[in-house]
2 protein chains.
Amino acid sequence: MNGERLRKQIDFIVEIDKLKHILRRTYIMDNSRHENDVEHSWHLAIMTLLLSEYAEQEKIDILHVVKMVLIHDIVEIDAGDTFCYDEQGQKERVKRERKAAERLFSILPEDQTQGFRALWEEFEERKTPEARFAASLDRLQPLLHNYYTKGFAWRENSVTSDMVFDRNKHIEKGSPSLWKFAKDLIEESIKKGYLPK
Amino acid sequence: MNGERLRKQIDFIVEIDKLKHILRRTYIMDNSRHENDVEHSWHLAIMTLLLSEYAEQEKIDILHVVKMVLIHDIVEIDAGDTFCYDEQGQKERVKRERKAAERLFSILPEDQTQGFRALWEEFEERKTPEARFAASLDRLQPLLHNYYTKGFAWRENSVTSDMVFDRNKHIEKGSPSLWKFAKDLIEESIKKGYLPK
């Protein structure tokens with residue numbers, strides 16, 4: 001065993017413990033507190049295992065999607081969570097996250113730095129079937145949380161149904177079926193008064 | 001799309017949100033609060049991606065290990081976390097967790113009920129190379145958390161070095177290299193006074 005290699009891997013494993021502190025705007029489903037990035041990522045990974053059959057358009061590599069969703073938010077240790085409806089924040093997000101990826105992934109041995117960096121970039125670019133499916137789940141999951149907390153985070157942040165439709169429509173690119181389900185959920189949320197029209 | 005099938009999958013995805021409430025004895029690495037089961041499972045999944053090269057004895061299927069570590073604690077939604085050094089609790093654990101697996105996994109469509117149930121049982125039995133490696137990580141991760149919190153949870157629960165050696169020695173069955181690393185960490189913890197001899 002190369003001791004230095006394992007040391008770097010362990011250092012990264014220790015560093016990413018900080019992701020347990022990065023809170024999202026979304027609440028966990030009993031509405032008791034904000035969800036953190038790690039909880040969100042785990043939920044996406046399980047959703048990948050269960051819902052991959054709905055990536056109907058192209059055959060996807062499940063392990064590849066799981067890897068992407070597990071690591072996609074690690075950059076937020078340095079860059080923080082950017083609220084998805086904050087337009088100004090979204091503009092600056094790319095620069096902040098790129099710098100974060102540089103620092104964080106380079107804690108790893110060189111080959112794993114490259115591997116994790118490539119996975120993160122693939123997720124961000126949404127050009128492969130795997131990245132499009134991962135992006136669909138990344139939108140569907142908070143939609144579920146919003147629905148089951150009766151739109152708590154939506155109301156708290158003055159989010160309207162137009163914004164939600166616009167933000168979530170790319171679910172269709174990863175999965176038409178899941179987009180159909182998501183649309184019904186949004187319509188239902190409007191009907192129930194969870195989301196202002 | 002079969003609407004009933006997706007409904008069951010979503011119901012399960014909603015149900016397992018409760019795992020975010022199940023606290024472990026372990027603290028997150030800055031010692032600010034207990035770690036929950038979801039955070040622990042996510043950490044193990046990333047460790048699987050990074051450390052699979054140390055499953056030296058047998059070739060392992062990485063996706064299979066990732067699946068096991070992602071779902072291995074879901075039964076604790078009903079059964080609760082059983083402290084690993086609580087002998088009485090450990091005896092009753094099997095029965096409680098079996099009942100929990102029955103209820104929870106059967107929320108899913110039949111094929112996925114079987115699939116998740118089989119993964120959970122495989123993890124528990126530790127008979128396959130994948131399950132042995134998953135079990136090694138399941139022990140190494142809290143060891144790291146204990147080391148980096150200067151033995152906080154060990155001291156809080158009157159855990160001694162004999163108990164830690166005994167509890168963790170099966171790391172060797174999944175990875176001799178990681179056991180060597182873990183042993184050094186335990187020795188170091190004794191030396192630094194994090195763990196009573």
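Below, read A as the first sequence line, B as the second, and so on, with proteins coming before strands; counting in each chain starts at 1. Only heavy atoms go into these numbers, but all of them, side chains included; no hydrogens, no water, no symmetry mates.
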Intermediate values then yes/no, side chain to side chain contact (heavy atoms under 4.5 Å, CB included), K18(A) and M29(B): CA-CA 8 Å; K18(A) 294 175 184 165; M29(B) 288 188 191; over 6 Å; no
Check against side chain to side chain contact (heavy atoms under 4.5 Å, CB included), F181(A) and Q9(B): CA-CA 12 Å; F181(A) 176 84; Q9(B) 292 161 327; over 6 Å; no
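Taking CD of E39(B) as the reference point, atom OG of S41(A) lies at 11.0 Å (rounded to 0.5 Å). Distance check, rounded to the nearest 0.5 Å: NZ of K20(A) to CH2 of W42(B) gives 6.5 Å. The distance from the CE atom of M47(B) to the CD1 atom of I10(A) is 6.0 Å, given to the nearest 0.5 Å.
A continuous path of hydrophobic side-chain contacts links V38(B) to Y148(A) [ILVMFWY only; heavy atoms under 4.5 Å]. Linking ILVMFWY side-chain heavy atoms closer than 4.5 Å, directly or via other members, places L140(B) and M163(B) in a single hydrophobic cluster. Under the 4.5 Å side-chain heavy-atom criterion for Ile, Leu, Val, Met, Phe, Trp and Tyr, V164(A) and F152(A) are members of distinct hydrophobic clusters. The cluster map of Ile, Leu, Val, Met, Phe, Trp and Tyr, joined by side-chain heavy atoms under 4.5 Å apart, puts V14(A) and I28(B) in different clusters. Hydrophobic cluster membership differs between L23(A) and Y27(A), with clusters built from Ile, Leu, Val, Met, Phe, Trp and Tyr side chains linked at under 4.5 angstrom.
Only the side chain of S32(B) has a heavy atom closer than 4.5 Å to any heavy atom of chain A. Contacts between L70(B) and chain A at a heavy-atom distance below 4.5 Å involve backbone atoms as well as side-chain atoms.
Around the CZ atom of R126(B), the shell of radius 6.0 Å holds no more than 12 heavy atoms that belong to other residues, nucleotides or ligands. Under a cut-off of 6.0 angstrom, the local environment of CD in E102(B) is sparse, with at most 12 non-hydrogen atoms contributed by other residues, nucleotides or ligands.
Under the 3.5 Å distance criterion, the side-chain polar atoms of Q112(A) are matched with a main-chain donor or acceptor of L50(B).
Ranked by heavy-atom pairs under 4.5 Å with chain A, the list K67(B), E35(B), H21(B), R33(B) is led by H21(B). Ranking L19(B), I16(B), N36(B) against chain A, the residue ahead of the rest is I16(B), based on heavy-atom pairs under 4.5 Å. Counting heavy-atom pairs closer than 4.5 Å to chain B, the top-ranked of the candidates I74(A), L63(A), I46(A) is L63(A).
In this structure, L49(A) and V66(B) have side chains that are not in contact, with every pair of non-hydrogen atoms separated by 4.5 Å or more. In this structure, D17(A) and L144(B) have side chains that are not in contact, with every pair of non-hydrogen atoms separated by 4.5 Å or more.
Closest non-hydrogen pair, I13(A) versus H43(B), comes out as O-NE2, 2.8 Å.
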